[in-house]
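Take a look at the structure below.
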Protein chains: 2
Amino acid sequence: MANFRSPDEPQASTESGIQVLDRSVRLLNLLGEAGHGGMQLSRLAAGLGLSASTTHRLLAALEHHGWVERVDGGKLHRLGAALVALAGQAADGTGLRRLCRPALARLSGESGETTFLIVRSGLNAVVVDRQEGAYVIESLTQGVGGLMPLGIGAGSAAILASQPEAEIEAVLAANAARYPQFGSSAERVRQRLRQVQAQGYLMSDESLIAGLAVLSVAIRPPGHAVTAAIATNFIASRLDTAARLAFLRRIRQEVAAIEATMAVPGATQRPTRSGES
Amino acid sequence: MANFRSPDEPQASTESGIQVLDRSVRLLNLLGEAGHGGMQLSRLAAGLGLSASTTHRLLAALEHHGWVERVDGGKLHRLGAALVALAGQAADGTGLRRLCRPALARLSGESGETTFLIVRSGLNAVVVDRQEGAYVIESLTQGVGGLMPLGIGAGSAAILASQPEAEIEAVLAANAARYPQFGSSAERVRQRLRQVQAQGYLMSDESLIAGLAVLSVAIRPPGHAVTAAIATNFIASRLDTAARLAFLRRIRQEVAAIEATMAVPGATQRPTRSGES
DNA sequence: TGCTGCAATTCCGTAATGTGGAAAGAAGTT
DNA sequence: AACTTCTTTCCACATTACGGAATTGCAGCA
């Protein structure tokens, strides 16, 4: 069969041992990047370097499972809602989301700022939950599902900082390899991490977005190797140092409470299937 | 090969034309149901009716892509955070989530109640976004990713009601076939739908959870075939009829604003990649 | 310390499964 | 109406995924 790995096959690291799966994953990721409007078969096929027939078959199969939808029944494809359902369970995987949600709600309710629950996923950090405050700055910040390389971004830094030193170096190296820009700021990242390790939290004006400040605390339940953090974004000029410290204290309170809950065996989470509206 | 479809193969409707994919999907769904603690290979294999070696291969491949994680490096598997990332993009697929989030934030901020953005996915409705209010009743209600058969549940009913009559009947029939209990309440569901069609909204004390009342309005941008709804849950005794009507008015206001935005071509959404904290 | 049993891996020959080229439909465009 | 572009279906082929058997790893127990 003319199925040689084309010499310029993208990411050899994407090979997992099951071809169809690899291709499906790449297809879905591609669709994800395409975002809103959807993509047509031919573009997808081109983007993946696959024949139209193969792409078509993949799409049909994924569509069958609700992982891909057609935009108003036509020729454009986009990611399907079944993924959202699956991911909902994934996000609750550790029970963390459920556990932290009330805390997030309280924090953003009191402060009016948006709060995030962030979890590690391999070399990335993922926004697993997000609670809007009264001051909506939506368009600038990450939504649920947002990804960032570990080390970059508030919660991300707090998480990475609480890893063993060897792990940290490995992650930094890997991410520098993945992202050229990452390498250049490696030293600053390292410095930041050291700061977090010393203080137990991250407070910084140097967010990735000019004018946005950041506050974040890692969640480290004794025993568990959970790698998560709670973070907040706010317009830097809105809170002076005193206010930030007060806010920080509240966050640490909530985190401590969460850690305590997780430490109590059995109380971590409840396998109850939830009902609905 | 001894790869006959076993006579009692579960759901023949799960066949999509690509075996590996079907199996992977079933595996992921199974892991999703398992939830928190994770599942071990042997149970998974048993649950799927697959050999251990096949299951192992699937798991390894999925793990490679971050769709499955090992609980603290051990023998238990659970859904991975990469799914959350993918689903984040899926949830924004229509641009709806981003568009509605500020509205949800306002509504739950003002009322103190939790609000939901619900979208159709085939025969189901999926909770695509959720904004916590001051009154947290978390454990009872659906989280992001929560699924319910179309017709059951607040937003769900509002969405279904705004479909053409033929579609409604088809969905009801299909869901009655899927869920035995659904069939018995079909007449009540139909009645509810008619009510929604007449009023343009759903207001009911008969939520699936005793004591919880429900308010929901479908989002129907002229032209678009979008099938979504905004919904709220609240403890029935907390709001009297007057308060509910006022709340309803606010919801309809927000929905109208959203529909207006969507009608303006180009203003629907912006393909801007968002930055982060 | 050495069994014993169960679960997770790895190996490997086999054929079933997924493959892409070619050809047929659909839908716009000039 | 001829042309272009994209989607969908068909089909013979060999690559890919399959599962049984063998191996390794790990607890619990004697």
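Every chain is numbered from 1, with letters handed out A, B, ... down the list of sequences.
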Can you check the [X] [atom1] to [N] [atom2] distance for me, whole Å?
{"X": "A:E63", "N": "D:dT7", "atom1": "CD", "atom2": "C1'", "result": "13 Å"}
{"X": "A:I18", "N": "C:dT17", "atom1": "CD1", "atom2": "C1'", "result": "13 Å"}
{"X": "A:L21", "N": "D:dA17", "atom1": "CG", "atom2": "P", "result": "8 Å"}
{"X": "A:L59", "N": "C:dG18", "atom1": "CG", "atom2": "P", "result": "16 Å"}
{"X": "B:Q19", "N": "C:dA16", "atom1": "CD", "atom2": "P", "result": "11 Å"}
{"X": "A:L48", "N": "C:dG20", "atom1": "CG", "atom2": "P", "result": "11 Å"}
{"X": "A:L50", "N": "D:dT8", "atom1": "CG", "atom2": "P", "result": "16 Å"}
{"X": "A:R57", "N": "C:dG18", "atom1": "CZ", "atom2": "C1'", "result": "5 Å"}

Please give the angle, rounded to 10 degrees, between the axes at the start and the end of the helix from C:dT1-D:dA30 to C:dT30-D:dA1, where five pairs define each axis.
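Roughly 40°, once rounded to the nearest ten degrees.
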Could you check B:L58 against B:V68 for side-chain contact (heavy atoms from CB on, under 4.5 Å), going step by step and ending with a plain yes or no?
CA-CA 10 Å; B:L58 286 177; B:V68 166; over 6 Å; no
Could you check whether any side-chain N or O of B:R26 sits under 3.5 Å from a backbone N or O of B:L48, counting only pairs where one atom can act as donor and the other as acceptor?
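Yes: the side chain of B:R26 pairs with the backbone of B:L48.
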For A:V196, check side chain to side chain contact (heavy atoms under 4.5 Å, CB included) against everything at least two apart and list the hits.
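With sequence neighbours excluded, A:V196 shows a side chain to side chain contact (heavy atoms under 4.5 Å, CB included) to A:A161, A:L202, given in chain and number order.
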Polar side chain donor-acceptor pair, B:N175 to B:R178, under 3.5 angstrom
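The answer is yes; a qualifying pair exists.
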Donor-acceptor side-chain pairing of B:D22 and A:H64 below 3.5 angstrom
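Side chains of B:D22 and A:H64: no pair found under 3.5 Å.
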Which heavy atom of A:S156 sits nearest a heavy atom of A:P149, and at what distance?
OG-O, 3.2 Å
Answer yes or no: is there a side-chain heavy-atom contact under 4.5 Å between B:L79 and A:L86?
yes
Distance (rounded to the nearest 0.5 Å) between A:L150 CG and A:N124 CG:
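Here the interatomic distance stands at 7.0 Å.
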Intermediate values then yes/no, salt bridge (Lys or Arg N to Asp or Glu O under 4.0 Å), A:E63 and A:R70:
CA-CA 8 Å; A:E63 193 183 345; A:R70 277 160 187 254; 2.9 Å; yes
Enumerate the protein-to-nucleotides 6-9 of chain C contacts in which both atoms are nitrogen or oxygen and the separation is below 3.5 Å.
residue: C:dA8; atom: OP1; partner: B:L41; partner atom: N; Å: 3.1
residue: C:dA8; atom: OP2; partner: B:S42; partner atom: N; Å: 3.0
residue: C:dA8; atom: OP2; partner: B:S42; partner atom: OG; Å: 3.4
residue: C:dT9; atom: OP1; partner: B:R70; partner atom: NH1; Å: 2.9
residue: C:dT9; atom: OP1; partner: B:R70; partner atom: NH2; Å: 3.2
residue: C:dT9; atom: OP2; partner: B:H56; partner atom: NE2; Å: 3.0

